[in-house]
Amino acid sequence: MLDKLSFSPYPLGKQVKSLSHSSHLSVKAVSILAGVSPHTLRAWEKRYRAVEPRRSDTGRRVYRPSDVERLRLLVRLVDAGHSISTVASRPDSELAALCESLPPERGSYARSAQDRLARTEPSPSSGSNPRMSALSDSTGETLAEVIDSIRHFNLDRISECFARSQELFHPRTFALEIIGPILSEMGVLVDRGVLGISQEHLLSVQVRGALGAALEKLDRGMRNQPHALALAGAEGDMHEFGLLLGAILCASRGIRPLLLGPNLPPKDFADAVQKSGTRIALLGTTPLPPGEMPRTYEEYLTEMESHLPPETELWLGGRGDVKLGSLNLKRDIRALVTLEMLDHALSKLENHGKVK
């Protein structure tokens with residue numbers, strides 16, 4: 001299955017969304033992302049005013065993220081048997097409520113769509129920054145291209161798209177504004193049944209390689225620095241993309257990460273921290289079904305902490321179910337639920353030179 005992010009998949013405010021606030025998406029991109037043909041899209045606009053695109057300086061129709069989400073809701077309702085003429089004029093809130101009433105296999109998508117609508121409301125502070133607009137155009141088109149390539153099992157096109165993006169963007173931008181939204185988008189499309197498990201696995205392989213290359217590019221400039229922060233997932237937790245994104249955040253701040261990967265027993269994690277001399281140990285957590293891991297996060301942290309050097313800071317990342325109040329540890333634990341929180345913590349370390 002496609003790796004769930006240990007941290008929030010929307011980690012850095014307006015800079016990292018499924019689709020950026022300032023995106024100006026083309027007809028082709030919207031068609032791919034919303035799952036509706038350009039011909040049908042034009043008909044829905046002309047006959048029913050389902051969405052009302054704006055015009056670019058050159059007269060092209062351009063769309064906002066909220067248009068994509070609205071179209072997705074409409075597609076779900078039409079697929080379920082509603083007539084487009086009866087739903088096209090309804091507000092987003094009513095469309096989302098109607099999707100909630102669909103059978104369970106579709107309800108999960110409706111909830112996701114409603115959440116994504118809330119996250120793509122324009123930000124008063126986003127303004128009309130030309131650089132951000134150009135960046136958003138590029139990332140939005142890249143997202144559409146990758147999803148279309150996955151649909152057609154076009155491995156070469158995906159590789160070319162990632163290679164081109166890595167040349168154009170800084171590794172941090174590539175990881176957080178290209179890969180993060182693509183992972184979130186795939187989760188929605190697989191949940192909808194638009195894409196299958198084989199396509200999910202195909203993307204996972206490509207993303208793993210691309211993130212590894214981005215991290216390697218950053219690490220080449222820090223080869224003479226000691227590792228300052230170790231990242232790992234608990235034994236039984238196989239998710240690694242959140243850890244990779246976290247490591248890229250560290251490296252982009254000039255803080256060299258020691259990426260130990262997922263599924264690491266607590267004593268091995270502590271031993272690696274001690275032998276490498278890292279100052280901070282970050283355990284990534286994931287919301288997992290009960291019994292999927294051999295021990296609870298509380299048991300893991302208790303055992304790990306008993307083997308850590310006393311000066312090592314212990315950080316906890318992600319949205320896993322951890323009852324910190326029940327722990328009786330010798331040191332405080334810093335909880336960082338999102339990548340935004342991690343980035344803020346890292347910026348303080350960078351500014352004060354605490355890990356150099």
Side-chain angles (χ1 to χ4, degrees), residues 9-10 14 17-128 133 136-137 139-141 143-145 147-148 151 181 184-195:
Y10 299 94
K14 64 177 180 294
K17 301 285 186 184
S18 171
L19 298 168
S20 176
H21 288 320
S22 53
S23 288
H24 295 248
L25 297 167
S26 67
V27 171
K28 179 182 177 182
V30 171
S31 173
I32 292 170
L33 296 174
V36 59
S37 72
H39 175 76
T40 300
L41 174 57
R42 184 66 183 126
W44 285 7
E45 291 172 14
K46 187 175 181 179
R47 297 176 190 172
Y48 309 109
R49 301 186 71 179
V51 292
E52 297 186 31
R54 294 168 294 171
R55 295 283 176 176
S56 69
D57 293 340
T58 58
R60 291 189 307 116
R61 287 147 58 206
V62 292
Y63 299 80
R64 296 159 295 188
S66 57
D67 293 327
V68 176
E69 301 301 342
R70 178 175 175 79
L71 286 166
R72 278 180 162 155
L73 294 172
L74 289 170
V75 168
R76 289 307 292 160
L77 292 170
V78 170
D79 286 348
H82 290 269
S83 169
I84 184 62
S85 62
T86 63
V87 294
S89 62
R90 299 195 182 194
D92 296 339
S93 58
E94 287 188 22
L95 297 179
L98 283 172
C99 284
E100 288 285 358
S101 67
L102 295 177
E105 65 270 17
R106 296 176 183 177
S108 59
Y109 170 72
R111 284 189 295 275
S112 176
Q114 194 171 26
D115 289 344
R116 290 158 63 82
L117 277 167
R119 280 193 288 260
T120 52
E121 286 301 310
S123 168
S125 61
S126 60
S128 56
S133 178
S136 299
D137 288 347
T139 56
E141 295 296 330
L143 172 60
E145 183 178 356
I147 295 301
D148 188 51
R151 280 179 170 171
S184 298
E185 195 68 35
M186 275 294 293
V188 171
L189 294 176
V190 170
D191 190 41
R192 263 183 82 184
V194 174
L195 298 176

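The residues of the chain are indexed from 1 along the displayed sequence. Values below: all heavy atoms of this structure, side chains included; hydrogens, waters and symmetry mates excluded.
Taking each heavy atom of R70 and P91 in turn, the nearest pair found is NH1-C, 3.8 Å. Y63 and P53 get closest at one heavy-atom pair: CE2-CB, 3.5 Å. For the residue pair V27 and L41, the shortest heavy atom distance occurs at CG1-CD2, 4.2 Å. The minimum heavy-atom distance between V75 and A34, with the atom names listed, is CG2-O, 3.7 Å. Of all non-hydrogen atoms in S83 and S85, the two that sit nearest each other are OG-OG, 2.8 Å.
By the side chain to side chain contact (heavy atoms under 4.5 Å, CB included) test, R42 pairs with E45, K46, R61, sequence neighbours left out.
Remark: the backbone N or O of A88 is not paired with any side-chain donor or acceptor of R49 at under 3.5 angstrom.
Distance OG1/T86 to CG/L77: 8.5 Å, rounded to 0.5 Å. To the nearest 0.5 angstrom, L74 atom CG is 10.5 Å from R90 atom CZ.
One finds a salt bridge joining R64 and D67 here, because a Lys/Arg side-chain nitrogen approaches an Asp/Glu carboxylate oxygen to under 4.0 Å.
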